[in-house]
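These values consider heavy atoms only, across backbone and side chains, with no hydrogens, waters or symmetry-generated copies.
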Amino acid sequence: MADNNGIALDRTDEAILAALQSDGRMSTAELARTVTLSPSATADRVRRLVDLGVITGYTATVSAAALGYTITAFVRLAYPSGNYKPLHDLLDVTPEVVEAHHVTGDDCFIVKVLARSMSDLERLTGRLATLGPITTNVVYSSPLTGRALSPA
């Protein structure tokens, strides 16, 4: 049994998490068969995992390339100010920014950007560069785009 910040998860909880991360559209009945519980007990377990904040939502995985975003880049931003409102405002109105992380080191933020072309990427990085010095890394390929989580 793992203990995560006071949340006790047993092997059945772990199996539920693994199954739902593999297929978030799995019905309760199918999930129950997978983890060998009754549907009502499975639904109770899932509800408990949601209530505890272990399961934070369900989502569809969408192909960026299929939507025309053929370029992925990581932009490192050395933000010279402790006032993050201008950055948050820019992130709010720039849907091509799909992730932003406040990090340690020489750069203050790492931002994942999707672009339709190199000129589109230039436009996006130009907007970010108004906030401070940037370094841009274009992604060639992504051998691992997401990994299912297991309890620590």
Side-chain angles (χ1 to χ4, degrees), residues 1-10 13-28 30-31 34-35 42-43 45-152:
M1 185 180 296
D3 185 7
N4 303 301
N5 297 326
I7 299 173
L9 301 178
D10 63 18
D13 292 328
E14 292 174 13
I16 288 169
L17 293 174
L20 288 176
Q21 287 181 90
S22 174
D23 180 5
R25 293 185 60 173
M26 183 179 291
S27 70
T28 301
E30 186 178 352
L31 180 58
T34 301
V35 299
T42 302
R45 291 274 191 139
V46 170
R47 196 169 13 263
R48 179 179 146 273
L49 291 168
V50 170
D51 291 345
L52 290 171
V54 176
I55 296 175
T56 59
Y58 300 87
T59 186
T61 304
V62 178
S63 166
L67 296 179
Y69 296 102
T70 58
I71 298 170
T72 301
F74 289 91
V75 181
R76 300 188 328 261
L77 171 64
Y79 197 79
S81 167
N83 174 12
Y84 299 133
K85 184 173 180 354
L87 173 65
H88 290 254
D89 290 346
L90 181 60
L91 296 177
D92 287 344
V93 298
T94 311
E96 298 91 346
V97 173
V98 294
E99 292 181 26
H101 306 276
H102 192 195
V103 298
T104 62
D106 293 334
D107 302 311
C108 299
F109 291 91
I110 297 176
V111 179
K112 183 177 179 181
V113 174
L114 301 177
R116 292 175 182 85
S117 64
M118 287 304 285
S119 61
D120 192 33
L121 179 61
E122 184 177 17
R123 175 186 63 81
L124 294 164
T125 56
R127 292 180 77 184
L128 289 165
T130 63
L131 300 173
I134 63 166
T135 303
T136 303
N137 299 97
V138 175
V139 174
Y140 287 139
S141 66
S142 299
L144 178 65
T145 58
R147 175 174 280 156
L149 295 178
S150 298

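Taking CZ from R116 and CG from L121, the interatomic distance works out to 12.5 Å, rounded to the nearest 0.5 Å.
Looking at residues two or more places apart in sequence or on another chain, you find a salt bridge (charged side-chain N to carboxylate O under 4.0 Å, His left out) between D107 and R76. Applying the salt bridge (charged side-chain N to carboxylate O under 4.0 Å, His left out) criterion to D89, with sequence neighbours excluded, gives K85. Residues satisfying the salt bridge (charged side-chain N to carboxylate O under 4.0 Å, His left out) criterion with R127, sequence neighbours excluded, are absent altogether. Shown here are the salt bridge (charged side-chain N to carboxylate O under 4.0 Å, His left out) partners of R48, two or more places apart in sequence or in another chain: D13.
Within the structure, salt bridge (charged side-chain N to carboxylate O under 4.0 Å, His left out) contacts touching residues 58-71 (residues at least two apart or in different chains) do not occur. Contacts classified as salt bridge (charged side-chain N to carboxylate O under 4.0 Å, His left out) and involving residues 50-75 (residues at least two apart or in different chains) are not found.
Within a 6.0 Å radius of CD in Q21, more than 12 heavy atoms belonging to other residues, nucleotides or ligands are found.
Proximity of a side-chain donor or acceptor of T34 to a complementary backbone N or O of E30 within less than 3.5 Å is detected. With T94 contributing its side chain and V97 its backbone, the two residues share no donor-acceptor pair below 3.5 Å.
The closest side-chain heavy-atom distance from I71 to E96 is not below 4.5 Å. Inter-residue side-chain proximity for V46 and L20 is flagged as met; some heavy-atom pair is nearer than 4.5 Å.
Classification of the F109-Y84 ring pair by plane angle, with boundaries at 30° and 60°, yields perpendicular.
Residue F74 is tested with V138, V113, I110, T136 for a side-chain contact (heavy atoms from CB on, under 4.5 Å); the sole match is I110.
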